[in-house]
Student: 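Would you mind keeping the following structure in view while I ask a few things?
Note that ligands are numbered from 1 as they come in the structure, with each ligand's atoms numbered from 1 the same way.
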Amino acid sequence: MSDLSHTLEALKEKGWLRVIDEPLDVYLEIPHVAYVEIKRSDSRVLLFTRPVDKARGIAFEMPVVMNMFASFEITQWLFGRHPDELAAQIRELLHLKPPEGILNKLSFAGKLLGLASVPPKRLKGEGACQARQFLGRDASLDRLPILTTWEQDGGPFITMGQVYTQSLDGTLQNLGMYRLQKYDAQTLGMHWQIHKDSSHFFDQYQKAGRKMPVSIAIGGDPLYIWCGQAPMPYGMFELLLYGFVRRQNARLVKSLTNDIYIPEDVDIVIEGEVDPSSLRIEGPFGDHTGYYTLKEPYPALHVTAITTKAKPIYQATVVGKPPLEDKFMGWGTERIFLPLLQTTAPDLIDYHMPENGVFHNLILAKIKPHFKGHAKQLMHAFWGVGQMSFVKHAIFVDESAPALTDYAAITEHILNRLTPKSLLITEGIVDALDHSAPEALEGGKLGIDATGEAQTPTCKVLEDDVLLEKVQALYSDIIALKQYMTHTASPITVIQFAKTAPARHLYDALFPLREHLRIVVFVDEQRNDVANPYMLIWRVVNNIDALRDVWRGDFIGIDATNKSAVDGFVREWPDDVTCTPEVLESLRERGVIECDAAFIERFGLL
Ligand SMILES: Cc1cc2nc3c(=O)[nH]c(=O)nc-3n(C[C@H](O)[C@H](O)[C@H](O)COP(=O)(O)O)c2cc1C
């Protein structure tokens, strides 16, 4: 079993661990270091040996580990195999049929016996995670180096908590990874969103008027936390996936003050109960969309016990703008879940979620179309299945397309096949974190069918400065213009303007230039750089709601500006997540981080 301290020793030997002995503050400093590190091309796991809370004069005993999934290489090593290998095994199991012939029968039995490692085992007695026990008033969250990541955050948050829950009748177990806000020494906010399994369990307790037991584990084998974020179907305990990937049963012990079982080798366990009769305001929190999620009511947990290993390590992550640790965790999930997705979409060859699409905002899918409308059929299948239904924008190509991860080639392939007719705009559920839909939880969906034949380019492309001048002659307040992929049938023109009226006015004003335009993306003056396509894609797929913001006239218009009363938008529009300049500067001066102006610009740090 690879517990956290053994994992760290092995990472150190491999040169994949950076140990930082300088005392650093749990308020902003430690998260800022991890945020910068994960964006580097050679990012490593970080161990902060001396976390402190400067404001309260506390030096914590336990170290903080961050960026555990720091790279593709480290993630593959943590899995023990390439995720594609695991996917192949799942595919084989899904197609198992009772065989004929003695040799085939033996190999069939072998495969089934291999599955004996899948179910978690419940052990008797206490586990290593219960070496130190704090009950009653001693069960204080102040013992833990809980981080405050961003200036506008509502407080400190546990960001890598494995949340273990069970259904009211005790027949179903669940492990989910949800952030947890520390309100005080004995109260945590439970940010399980409405679509998630623990929220369904919570509904059962609420209806029955019963308190809900919850245990939160931190640390242990890093695969636990990966399993916690994996989109397993409702009713399937994520630790079954753990047993399958690790080829070893998860070994569980009972919590001290409730009936929830947790892995015996985790570093820290927070036990408690949720009173379903009252909710508390949770947030704001700088989230993995790169925006703050707004204040919302969520259930709160009253802590009844904290137990730890003899020498516990506190694990955390930092979220914000991409790339983040979830790029590497998500890669594992994407690969391993392909065969399962193929059971509901059999003609799906492959799919990919680019990191700057923050997973639910953009998906690329390669299919083998057999009939007219096949791509559209699969779009609806995606939007109707589990957590895949959060995806806002889905682009479908056929088997003639290049690899989905070859971004330049795949973009060219798509743009050569895209016409206003290739767009399907509809409605569905959206991720609870989505800020752009006119109402929370429901919003526009955009599907692009790029499975057809390549179009002949007809756009009369002008130089950027010539086009800019013509646009400026038609509309005031234009700041910058840049065209991309001008050699394709659908060049993309990005126009930045100082927004005082809806972008639709500018789109309409561009009508005389229609022979020079195919796709026009509008961005506003705030923190956008028309020469930074990585962050532009992030911005566009975050900010648009296809029903409102995509226009199919003589050319396609996409309004990626921030929305406000000017647009008739009545929800609060959140801020981008940005670093605190003084914290970055101070860490740079002390030599804890290296990041120059180009790096800051490239990833929208400020
Ligand atoms: C870093 C990170 C943070 C997350 N935070 C939350 C969160 O606060 N709330 C939530 O509902 N899901 C969050 N998720 C997504 C869930 O972990 C994921 O949807 C998981 O499959 C939920 O499990 P469940 O379906 O068993 O509830 C997060 C994922 C990651 C990678």
Student: Measure the CD1-CZ distance between Ile38 and Phe328 for me, rounded to the nearest 0.5 Å.
Tutor: 5.5 Å
Student: Look at atom 15 (C) of ligand 1 and find which of Arg179, Gln162, Lys196, Gln229 reaches it with the closest heavy atom.
Tutor: Lys196
Student: If you measure only the distance, is there a donor-acceptor pair under 3.5 Å linking the side chains of Asp169 and Thr171?
Tutor: yes
Student: For Pro231, take its heavy atoms, then give the atoms of ligand 1 lying under 4.0 Å from any of them.
Tutor: 21 (O)
Student: As a check for students: among Tyr178, Phe285, Trp192, identify the option with a heavy atom nearest to atom 27 (O) of ligand 1.
Tutor: Tyr178
Student: Does any N or O of ligand 1 fall below 3.5 Å from an N or O anywhere on Thr317, backbone included?
Tutor: no
Student: In ligand 1, which numbered atoms sit nearer than 4.0 Å to a non-hydrogen atom of His191?
Tutor: 7 (C), 8 (O), 9 (N), 10 (C), 11 (O)
Student: Taking only heavy atoms of Ala230, which atoms of ligand 1 are found under 4.0 Å from at least one of them?
Tutor: 21 (O)
Student: Does Thr159 come within less than 4.0 angstrom of ligand 1, counting non-hydrogen atoms of the residue?
Tutor: no
Student: Give the residue, atom name and distance (to 0.1 Å) of the protein heavy atom nearest atom 28 (C) of ligand 1.
Tutor: Met177 O, 3.6 Å
Student: Within 45 degrees of the axis of the six-membered ring of Trp16 and under 6.0 Å from its centre: does Lys14 put its NZ or CZ there?
Tutor: yes
Student: Which class fits the ring pair His435 and Tyr291: parallel under 30°, tilted 30 to 60°, perpendicular over 60°?
Tutor: tilted
Student: What is the closest protein heavy atom to atom 21 (O) of ligand 1, and at what distance does it sit?
Tutor: Gln387 NE2, 2.8 Å
Student: If only atom types and distance count, is the side chain of Glu442 paired as donor or acceptor with the main-chain N or O of Glu427 below 3.5 Å?
Tutor: no
Student: Is there a donor in the side chain of Asn258 and an acceptor in the side chain of Tyr164, or the other way round, less than 3.5 Å apart?
Tutor: no
Student: At a 4.0 Å cut-off, with the gap strictly under it, does some heavy atom of His288 reach an atom of ligand 1?
Tutor: no
Student: Where's the contact between Asp197 and ligand 1, heavy-atom distance under 4.0 Å: side chain, backbone, both or neither?
Tutor: both
Student: For Val45 and Met66, work out which heavy atoms get closest and say how close.
Tutor: CG1-O, 3.6 Å
Student: Enumerate the atoms of ligand 1 whose separation from the nearest heavy atom of Leu175 is less than 4.0 angstrom.
Tutor: 26 (O)
Student: Does Glu325 reach ligand 1, in the sense of a heavy atom lying below 4.0 Å from it?
Tutor: no
Student: Answer yes or no: does an N/O atom from Gly176 fall short of 3.5 Å to an N/O atom of ligand 1?
Tutor: no
Student: Kindly say whether Gly604 contributes a backbone atom to a donor-acceptor pair with the side chain of Lys321 at under 3.5 angstrom?
Tutor: yes
Student: What residue and atom, counting heavy atoms only, is the protein's closest point to atom 23 (O) of ligand 1, and at what distance?
Tutor: Gly228 O, 3.8 Å
Student: Output yes when the distance from some N or O of ligand 1 to some N or O of Met232 is under 3.5 Å, and no in every other case.
Tutor: no
Student: Do side-chain atoms of Asp221 reach the backbone of Leu223 as a donor and acceptor pair under 3.5 angstrom?
Tutor: yes
Student: Between Ser436 and Lys392, do the side chains contain a donor N or O and an acceptor N or O under 3.5 Å apart?
Tutor: yes
